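None of these values were measured; they are calculated from a predicted model. Proteins come first, then strands; the chains are lettered A, B, ... in the order of their sequence lines, and each starts at number 1.
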Amino acid sequence: MGLELYNTLTRKKEVFRPLKEGQVGVYVCGPTVYGHSHLGHAKSYVSFDVLVRYLRYLGYATTYVQNITDVGHLTDDADEGEDKLAMAAQREKMHPMALAEFYTQSYFEDMDRLNCVRPTISPRASGHMTEQVDLIKTLIEKGYAYEANGSVYFEVAKWADYGKLSGRNTEEMLSGTRVNVSAEKKSPTDFALWKKAQPNHIMQWSSPWGMGYPGWHLECSVMSMKYLGTSIDIHGGGLENQFPHHECEIAQSEAVHGAPFVRYWLHNNMVTVDGVKMGKSLNNFITLKEAFAGCHERLSQAYEPLAVRQLILNSHYRSPLDFSDAALHAALSGYNRITATVIAVRKKEGSAPEGPLDEQTNRELDQFRETFETAMNDDLNTSVALSVMFDLVRLANRLLAKDETTQRTLNAVDSMFRKLGGGVLGIVRETYTADRISAAEQNRLAKLVDALMQERKEARERKDFSEADRIRKTLTESDIAVTDEADGTSSWSFK
RNA sequence: GGCGGCGUAGCCAAGUGGCCUAAGGCGACGGUUUGCAAAACCGUUAUUCGUCGGUUCGAAUCCGACCGCCGCCUCCA
């Protein structure tokens, strides 16, 4: 059985078949770069990162496009509203483009730390202005859009399929009280393709309709079609974007080309912090940099980025995820367990005896791979896939305890860690280095620790255990773990 | 108000009609090991899946009611 994905369009799991044999185009709605990325971004982008990694694992040549929204759109569709990029720029006294650049770098930095593979293409909205204007022109020509007072709107009434993704109908929406009515629009449900800019609006571009800026939904249509074609295989994004963002994207795109815009719509669920929606006003807004550094009043410590990643993978992408200090702590413990085993396997590989691959182990590994793939094929059940990693850890530790375990056997185990834990889940690294401190500092520290370890060794030899324990306590308090081997030797490592 | 989702052990979480007398992780508790630890390994930790009814030979899984929680409907991942 192959990969099945839950398609929001049909509200059920469907067998995934790409448009072109062996090739997949994935588009994921990227961030608006007006602030540091937060835990919500992490869930979304880690989820889709795993999708891309798994598609590649299955052998698909996967093109992954993720936009960078560096154009300040208005925060609502009425004539009044705030431009969040411009607001942030004003607050930080920077040019909006400088601000966008700064937070774009910040975003990539955070995603790198979460071990998300870089998108194949990260197109900027600001760099695709002519394409956006062209798309609007076509929509006007085809009769789906109209100009009004320097702005251009999409006429929803002309597009019968509007609402097919989110399950809404325009009549219901019209009866709602929360749709702002703009005098320029023929209908309150019409949405902006181009907005006329006020003279004081910082980011604006010239167009056939005068100075202005593109509507919020336009860039994704334009950039996804430019780089992936008029029908793309997979479009991902957060659940909150289902409506209106994705609904509008579909209308714009399909009105232009007639072809189905997206074949599989994937939406990831939202995060909460300590049980409630994360929001700046709720004092539970945690950026990734804060989480990685432990600098937030709701966090008791710094969290290794891959532990954050592991927590995300512990639940399903379509389930809501609650971040709490306790949950992060539990994820970190589990992450450390996997990491310690992987390191131990790699360390012992060189010194293990020569010999054939253990048949029993080989069968178990095959079984693990099968369980893993079955889980991932079932709409990316990372929770079960992750459980396979723990099964692998247990197997590995049993093998490590046996002197007769061969190099080839350990190599096979390591290889499975790399392929499934590293390649697909992204929680196992290719190499492990203590990257928290520089090599020079590490060397100096190592000399001091070695000296203390020598003291402790001598204490133990003269059976002065209270002194030995005292030294160990000192080291433990400095996050240095001391391990005594059966043969009387001791070793240490950074926690 | 409209729409959607969720409620599984101390905590996180998979499972969504029989293989479930319910994965996995964290935690806790025993045991092995150890001078003592740590780590690791072995074992224990939900006869039960919010509550009450119903459908069925059979339900955590389907239906209904109720209780509780959350989200979307506004830029938001």
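Counting any heavy atom pair closer than 4.0 Å across all strands shown, A:Asn397 reaches sugar-phosphate atoms only and no base atom. Among the protein residues, A:Gly40 comes within range of the nucleic acid bases, having at least one heavy atom under 4.0 Å from a base atom. Counting non-hydrogen atoms under 4.0 angstrom, A:Val482 reaches a base of the nucleic acid. Residue contacts for A:His329: at a heavy-atom cut-off of 4.0 Å it reaches no nucleic acid atom on any strand shown. Within 4.0 Å of A:Arg456, counting heavy atoms only, lies at least one base atom of the nucleic acid. Nucleic acid contact class of A:Ser315 (heavy atoms, under 4.0 Å, all strands): sugar-phosphate only. In this structure, A:Gly30 reaches the sugar-phosphate backbone alone: every heavy-atom distance under 4.0 Å involves primed, P, OP1 or OP2 atoms, never a base. Looking at heavy-atom distances under 4.0 Å, A:Phe48 makes no contact with the nucleic acid at all. Using a 4.0 Å heavy-atom criterion, one finds that A:Val276 contacts the sugar-phosphate atoms exclusively.
Going from the P atom of B:G17 to that of B:G27 covers 33 Å, rounded to whole Å. Taking the P atoms as reference points, B:U74 lies 24 Å from B:C69, given to the whole Å. Rounded to the nearest Å, the gap between the P atom of B:G25 and that of B:A40 is 11 Å.
Taking 3.5 Å as the limit, the base of B:C36 and the side chain of A:Arg472 contain a donor-acceptor pair of atoms between them. Counting atom types as modelled, A:Arg337 pairs no side-chain N or O with a base atom of B:G25 as donor and acceptor under 3.5 Å. One N or O donor and one acceptor, one from the side chain of A:Ser383 and one from the base of B:A23, sit under 3.5 Å apart. Put simply, the side chain of A:Asn241 and the base of B:C76 share no donor and acceptor less than 3.5 Å apart. No donor-acceptor contact under 3.5 Å links the side chain of A:Asn269 to the base of B:G4.
Side-chain rings of A:His38 and A:Phe323 stay apart, their centers remaining 6.0 Å or farther from each other. Note: A:Tyr107 and A:Tyr45 meet the aromatic proximity criterion, with ring centroids under 6.0 Å apart. Taking the six-membered ring wherever Trp is involved, the centroid distance between the rings of A:His36 and A:Tyr103 falls below 6.0 Å.
Contact check, A:Arg11 against B:G4: no side-chain N or O comes under 4.0 Å of OP1 or OP2. Within the 4.0 Å cut-off from OP1 or OP2 of B:A77, at least one side-chain nitrogen or oxygen of A:Thr32 is found. In this model, the phosphate group of B:A14 is approached by a side-chain N or O of A:Ser319 to a distance below 4.0 Å at OP1 or OP2. Considering only side-chain N and O atoms, A:Arg398 lies nowhere under 4.0 angstrom from the phosphate OP1 or OP2 of B:A40.
Salt bridge A:Asp325/A:Arg298: absent, no basic N to carboxylate O contact under 4.0 Å.
Ring stacking is absent between A:Phe390 and B:G24, as the pair misses the limits of under 5.5 Å between centres and under 30 degrees between planes.
No hydrogens or angles considered: nothing links the side chains of A:Tyr27 and A:Glu249 as a donor-acceptor pair under 3.5 Å. Donor-acceptor pairing under 3.5 Å is lacking for the side chains of A:His316 and A:Tyr6.
The residue among A:Val384 and A:Asp484 whose nearest nucleotide of RNA chain B lies closer to the 5′ end is A:Val384.
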